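Step one of this worksheet: look at the structure below.
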Amino acid sequence: MLPLDVAPLQGDAASAARWLLGALLVRVLEDGTVLSGRIVETEAYDQHDPASHTYRGRTKRNAAMFGPAGRAYVYLSYGMHWCLNVTAGQSGFGAGVLLRGLEPLEGVSVMESLRGGARGRLLTNGPGKLAQALAVTDALYGHDLTLPPLQLFGGGRVPQRDTVTTTRIGLSRGAEAPLRFFIRDSPWVSRKAPLLN
DNA sequence: GATAAGATTAACT
DNA sequence: GTTAATCTTATCC
């Protein structure tokens with residue numbers, strides 16, 4: 001697998017989100033256990049978007065998204081679930097890509113354990129599930145995703161005909177924007193939004 | 001200082 | 001399909 005090229009993440013968030021489909025995400029736990037998977041579902045957010053955490057400017061929480069591309073932006077959702085984003089765009093512009101679905105590859109049994117016994121498509125078909133399966137918390141906030149223990153490889157290899165674009169999930173504002181992307185027919189995609197194409 | 005809402009999930013009817 | 005769990009952040013006193 002090729003090392004991560006951050007250049008494709010430095011453009012707009014939607015392009016970054018499409019490019020991340022098919023990329024390999026590798027997590028190395030403290031005991032050396034390797035967990036990995038292929039990104040199959042993403043959503044794009046930027047500071048012009050009312051649904052984005054960066055819409056109202058830089059804060060302590062969203063600071064990572066205003067930094068360089070290719071870092072981890074981790075936030076706590078609904079007081080319970082950590083969610084992992086890849087920062088995008090140029091420094092000074094608040095943008096990122098939420099990782100919503102992962103096809104598990106290595107360390108599946110350890111992921112199942114981290115997920116409290118969930119298996120199959122239920123293992124990683126959602127942003128909170130994905131982060132829990134890879135033991136991602138705010139301890140990795142701002143982490144450079146070109147380096148262990150959480151690292152991206154590849155990207156930009158999925159033909160557009162194999163992807164689907166829809167509206168994003170769980171939003172009350174900006175809900176109409178077609179900024180969710182996933183790999184067609186992947187079982188590890190959450191299926192709650194109407195298809196646009 | 002108080003309160004409402006939220007880029008979710010799992011359990012339940 | 002509906003709802004509880006759980007807590008940070010944003011927004012308004």
Side-chain angles (χ1 to χ4, degrees), chain A residues 9 12-21 23 25 37 39-67 69 71-89 93-102 104 111-143 145 150 164-183 186-196:
Chain A
L9 298 175
D12 65 276
S15 298
R18 274 190 294 254
W19 186 84
L20 282 168
L21 289 179
L25 184 60
I39 295 170
V40 300
E41 179 182 2
T42 60
E43 283 180 356
Y45 294 87
D46 73 39
Q47 65 181 55
H48 298 315
D49 171 6
S52 173
H53 292 164
T54 55
Y55 185 58
R56 292 169 193 282
R58 184 177 188 143
T59 65
K60 182 180 179 186
R61 177 207 201 189
N62 66 27
M65 284 199 282
F66 285 89
R71 307 296 178 91
Y73 165 54
V74 182
Y75 71 94
L76 186 62
S77 179
Y78 289 88
M80 285 166 283
H81 310 291
W82 294 108
C83 293
L84 172 63
N85 299 247
V86 179
T87 62
F93 184 77
V97 176
L98 174 66
L99 305 186
R100 292 193 55 95
L102 190 78
M111 290 192 221
E112 289 171 351
S113 174
L114 285 164
R115 286 273 299 116
R119 293 198 225 166
R121 61 180 233 96
L122 298 179
L123 187 59
T124 48
N125 66 333
K129 300 177 187 181
L130 182 160
Q132 186 179 36
L134 296 180
V136 171
T137 68
D138 62 342
L140 288 166
Y141 187 93
H143 172 73
L145 293 169
L150 183 63
V164 180
T165 303
T166 73
T167 54
R168 293 169 296 179
I169 291 177
L171 306 182
S172 61
R173 295 186 303 176
E176 64 293 333
L179 292 172
R180 174 179 180 237
F181 309 95
F182 60 86
I183 294 180
S186 172
W188 290 275
V189 165
S190 56
R191 296 167 209 227
K192 291 194 288 185
L195 301 185
L196 300 178

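Worth saying up front: this structure is predicted, and the values here are computed from it rather than measured. Chain identifiers are assigned alphabetically (A, B, ...) following the order of the sequence lines, protein sequences preceding nucleic acid strands; residue numbering begins at 1 within each chain.
When rounded to the nearest whole Å, the span between OH of A:Tyr55 and P of B:dA5 equals 18 Å.
At a cut-off of 3.5 Å, with distance as the only test, a side-chain donor of A:Tyr73 or A:His53 sits close to an acceptor on the other residue.
Base pairing of B:dA7 is not made with any nucleotide, judged by Watson-Crick or G-U wobble geometry with both donor-acceptor distances under 3.5 Å. Shown here, C:dT6 forms no base pair; nothing in the strands shown gives a Watson-Crick or G-U wobble contact with both key distances under 3.5 Å.
Where A:Arg173 and A:Gly79 meet DNA chain C, the nucleotide closest to each residue was compared, and A:Gly79 sits on the side nearer the 5' end.
No side-chain heavy atom of A:Leu99 sits under 4.5 Å from any side-chain heavy atom of A:Asn85. Within the 4.5 Å cutoff, side-chain heavy atoms of A:Thr124 are placed close to those of A:Pro104.
The minimum heavy-atom distance between A:Ile183 and A:Ile39, with the atom names listed, is CD1-O, 3.7 Å.
Other residues, nucleotides and ligands contribute at most 12 non-hydrogen atoms within 6.0 Å of the CZ atom of A:Arg119. For A:Tyr55, the OH atom sits in a loose shell: 12 or fewer heavy atoms of surrounding residues, nucleotides or ligands are nearer than 6.0 Å.
For DNA chain C, the span of nucleotides reached by chain A at under 4.0 Å from its heavy atoms goes, 5' to 3', from C:dA5 to C:dT11.
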A:Tyr75 and A:His81: ring-ring contact (aromatic ring centres under 6.0 Å, His included), yes or no, with the steps? CA-CA 8 Å; A:Tyr75 71 94; A:His81 310 291; over 10 Å; no
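Within 4.0 Å (heavy atoms only), A:Arg168 reaches no atom of the nucleic acid at all.
With respect to A:Ser190, the side-chain hydrogen bond (donor to acceptor under 3.5 Å, both in side chains) criterion is satisfied by exactly one of A:Lys129, A:Arg100, A:Arg121: A:Arg100.
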Which atom pairs link the protein and nucleotides 8-12 of chain B when you take only N or O atoms and keep those under 3.5 Å?
unit_1 : atom_1 : unit_2   : atom_2 : d
B:dT8  : OP1    : A:Arg100 : NH1    : 3.0
B:dT8  : O4'    : A:Ser77  : OG     : 3.3
B:dT8  : O2     : A:His81  : NE2    : 2.8
B:dT9  : OP1    : A:Pro127 : N      : 3.1
B:dT9  : OP1    : A:Gly128 : N      : 2.7
B:dT9  : OP1    : A:Lys129 : N      : 3.2
B:dT9  : O4'    : A:His81  : NE2    : 3.2
B:dA10 : OP1    : A:Arg115 : NH1    : 2.8
B:dA10 : OP1    : A:Arg115 : NH2    : 2.9
B:dA10 : OP2    : A:Lys129 : NZ     : 3.4

